[in-house]
Student: 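Here's a structure for you.
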Amino acid sequence: MKINIASGGRQSRIALILLGLVVLVLVLSFLPWLIPEYQLTRLNDIWIAILVAGSLCLLTGKAGQVSLGSAAFVGLGAYTAVFINLEFQAGFLVALVAGAAVSAIAGLLVGIPSLRFRGFYLALTTLAFQFALTFIGTDYQEHVAAGGSFSLGTAQIFSLQLLTEKSWYFFLEIAVAVSLFIMWNLSRSKMGRAWISIRDHEIPSGVLGIHASRYKLAAFVISSAFAGMAGVITAYNLGVVDYSQFTIDVTVTYVAMIIIGGIDSLVGAVIGAIIVTELPYFLQSLGSSFGSSAGTKVFDLETLAYGLIIVVFLIFAPTGLVGIAKQLAARVRRRVVRPGNASTETASLKRDPPGADPTGGASETYVEQVASG
Amino acid sequence: VSRLDYWVGLIIDGTITGCIFAIIAMGFVIIYRATGVFNFAQGQLVMVGAYLLYQCSGPWGLSMPISIVLTLVIMSIIGVATYLLALRPLISQPIFSAIVVTLGVAIIYSSVTDFIWGPNPLTFQTSLDNSYVTILNGYQLKYFDIFLVAFTVLMFGIVMAIFRYTSIGLKMRATSINPLLASQRGINLTRIYSFTWALAAITAAVAGVLYALSSNGDVTENISTFGFAAFPAALIGGFDSIGGSLIGGIIVGIAESIGTARFGGGADELVAAILLIAVLLARPTGLFGKVTVQRV
């Protein structure tokens with residue numbers, strides 16, 4: 001009887017999720033007609049942020065590789081688009097492929113140290129890459145564009161031109177949906193399970209025949225390819241490329257996205273991308289409601305908010321919003337299931353061991369680190 | 001200026017800035033050794049220290065010695081507060097959290113500094129003697145810079161002596177080797193870690209004060225980027241070696257001064273980044289770091 005309930009629940013849950021997705025796609029597809037054109041820019045920014053946050057989620061959340069260089073990978077994509085446009089007059093589609101490829105190669109190079117290091121050594125490597133790329137970007141701009149920023153023409157997909165924000169919206173909706181689908185499939189494939197295994201127990205997974213270094217490098221390559229693509233899209237969507245779009249501060253906003261949403265979850269990355277991209281607008285309206293004197297301090301408020309959000313989430317909700325939602329759901333389920341029934345009790349225990357953290361305690365814990373340091 | 005004098009001049013320049021890098025790097029090492037956390041906010045702490053000195057000696061009009069002491073006191077409080085509010089609650093969480101939380105703390109320091117003092121560079125009167133001695137056919141070596149180098153060496157001596165000879169230093173070493181055993185022996189871990197953070201914040205403040213004084217009272221937000229130059233400094237010396245960071249700091253200082261002289265203004269960050277990657281690839285434990293072997 002229990003099995004019946006379980007499998008029935010599973011089927012109805014899948015149906016519910018599918019229904020939800022269909023409704024979501026319909027709503028998203030009609031959204032451009034419901035809101036004014038100038039607001040679409042905000043939505044398009046969110047789409048792009050989702051792409052980057054998703055790529056970071058694969059790398060840091062699933063594979064457990066700390067990266068402080070996501071903005072650099074995005075920037076590399078954008079600069080590749082500029083470079084091949086200047087040198088070879090290549091258009092948007094070629095740039096998408098080239099940007100993904102160049103970023104992927106850079107990801108491979110940055111990923112090589114991950115075979116030797118974990119934790120903050122890896123963070124340092126990716127951070128060094130971040131600073132090096134900002135420098136090279138600045139230098140490239142100084143020499144080629146005389147210190148100004150680069151501009152790019154209209155993105156063209158075969159005969160289709162992405163002229164308006166509305167056309168961008170539909171392109172991004174499809175591109176992000178496809179990318180998220182690929183990411184989601186990846187994370188549930190053999191590779192995704194290998195990533196999680198490496199993240200949680202690197203040495204035992206080697207014993208199980210999982211080639212840790214191969215999968216780690218794959219994580220870096222795949223994640224950077226998506227980030228590079230996002231960079232090409234940003235470049236063409238804005239029409240402008242400037243190194244200030246890809247600094248360490250921007251990297252921190254991407255990290256904030258996956259922390260807010262829940263580092264382990266793609267849904268969390270999406271939620272985090274939405275919240276973090278909308279945060280400046282929210283703070284602006286908050287600031288203007290406090291009068292003009294507060295309005296001038298909006299920028300400080302924004303960066304302060306990023307810092308505070310990161311710290312507060314890490315301390316009070318390390319599993320992010322998705323983790324909170326899961327805990328709430330588990331609590332509701334526990335209350336619905338009649339107490340005293342031993343079999344359901346163990347079932348629910350299995351699903352949520354007390355005090356367990358859905359990130360699975362990525363790599364080593366703080367205490368262990370203290371002990372070894 | 002002859003060719004040799006030119007190079008020696010660059011090396012002296014580099015040594016002087018390198019001393020400030022070394023003191024910042026020492027702050028990294030102190031925290032890393034004791035708690036296993038890498039503090040990405042150290043550069044921002046240095047910046048806050050410099051701004052506090054400006055506040056005490058500029059707007060508040062206190063005399064320089066009192067300003068410096070007050071800066072150090074406030075900074076040690078900030079250090080302890082950072083540990084208790086941001087780092088301590090993260091015990092038993094993945095190391096990723098500890099890394100990212102210090103980034104968040106760095107942002108908070110920056111934006112609060114920006115909020116209080118504004119984004120524009122500030123200046124205060126240092127009333128410092130700017131006299132110099134001319135060496136090497138025209139290199140002007142300021143007396144303050146000689147003092148700065150000597151003071152740096154002295155400070156390393158003091159901190160190393162604290163670790164080696166004092167009771168709290170012994171407790172800190174014990175805690176870093178095995179926190180559990182240390183706490184079993186009655187060592188109060190929270191107190192030890194708080195002291196560690198206070199000490200690291202004080203070193204950051206000293207670096208900030210020295211920088212503000214040596215730049216004639218100019219204080220800008222760019223000071224926080226020194227933190228990035230101090231990463232390779234700490235790494236070259238070895239993350240668990242305090243004395244190593246002195247040598248690492250000077251190496252990075254000299255490399256940066258040669259780099260900027262040859263490739264122009266923005267090259268210092270690139271030099272730091274290249275050094276960082278090179279050391280990570282070649283010898284991640286640094287020159288003086290302990291090679292830890294993990295038994296599987």
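Source: prediction; values computed, not measured. Note on naming: letters A, B, ... go to the chains in the order of the sequence lines (proteins, then strands), and numbering restarts at 1 for each one.
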Student: Should A:Cys57 and A:Ile263 be marked as a side chain to side chain contact (heavy atoms under 4.5 Å, CB included) after you check the CA-CA gap, both sets of side-chain angles, and the distance that decides it?
Tutor: CA-CA 6 Å; A:Cys57 171; A:Ile263 190 163; over 6 Å; no
Student: So if I apply the side chain to side chain contact (heavy atoms under 4.5 Å, CB included) rule between B:Val101 and each of B:Asn39, B:Thr82, B:Leu90, which one comes out positive?
Tutor: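 So, applying the side chain to side chain contact (heavy atoms under 4.5 Å, CB included) to B:Val101 and each of B:Asn39, B:Thr82, B:Leu90, only B:Leu90 qualifies.
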Student: Under 4.5 Å from any heavy atom of chain A, what part of B:Ile108 do you find: side chain, backbone, both or neither?
Tutor: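 Contact with chain A involves both backbone and side-chain atoms of B:Ile108.
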Student: Counting only non-hydrogen atoms closer than 4.5 Å, can you tell me which residues of residues 245-257 of chain A sit against chain B?
Tutor: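 So far as heavy atoms go, A:Val252, A:Val255 are the residues that approach chain B to under 4.5 Å.
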Student: Does A:His143 reach the main-chain N or O of A:Asp139 with its side chain, forming a donor-acceptor pair under 3.5 Å?
Tutor: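 Such a contact is found between A:His143 side chain and A:Asp139 backbone.
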Student: So which of B:Gly104, B:Ala182, B:Ala106, B:Pro232 has the biggest tally of heavy-atom pairs under 4.5 Å with chain A?
Tutor: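 Winner by heavy-atom pair count: B:Gly104.
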Student: Of the backbone (N, CA, C, O) and the side chain (C-beta and beyond), which part of A:Leu68 lies under 4.5 Å from a heavy atom of chain B, both, or neither?
Tutor: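 A:Leu68 touches chain B through side-chain heavy atoms alone.
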Student: Tell me, for B:Leu235 versus chain A, whether the close heavy atoms (under 4.5 Å) come from the side chain, the backbone, both or neither.
Tutor: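 The answer is the side chain of B:Leu235.
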Student: Select, from A:Thr125, A:Val66, A:Leu308, A:Leu124, the one with the greatest count of heavy-atom pairs under 4.5 Å involving chain B.
Tutor: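 Going by pairs under 4.5 Å, I would pick A:Leu124.
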Student: Is the gap between the ring centers of B:Phe231 and B:Phe38 under 6.0 Å?
Tutor: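 Distance test on ring centres: under 6.0 Å, yes.
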Student: May I ask you to test the B:Leu84-B:Trp197 pair for a side-chain heavy-atom distance under 4.5 Å?
Tutor: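 No, every pair of side-chain atoms sits at 4.5 Å or beyond.
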Student: With the side chain counted from C-beta on, respond yes when A:Asp200 and A:Trp195 share a heavy-atom pair under 4.5 Å apart, and no when they do not.
Tutor: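 No; the side chains remain at least 4.5 Å from each other.
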Student: If you count heavy-atom pairs under 4.5 Å with chain A, which of B:Tyr109, B:Phe228, B:Phe239 comes out on top?
Tutor: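 Option with the greatest count: B:Phe228.
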Student: Do A:Gln65 and A:Arg199 come within less than 4.5 Å of each other through their side chains, counting heavy atoms only?
Tutor: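 No, their side chains stay 4.5 Å or more apart.
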Student: With distance as the sole test, does B:Arg164 use its side chain to make a donor-acceptor pair with the main-chain N or O of B:Gly169 at under 3.5 Å?
Tutor: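 Not a single qualifying donor-acceptor pair exists.
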Student: Between B:Phe163 and B:Leu199, is any pair of side-chain heavy atoms under 4.5 Å apart?
Tutor: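 A side-chain contact exists here, since the closest heavy-atom pair is under 4.5 Å.
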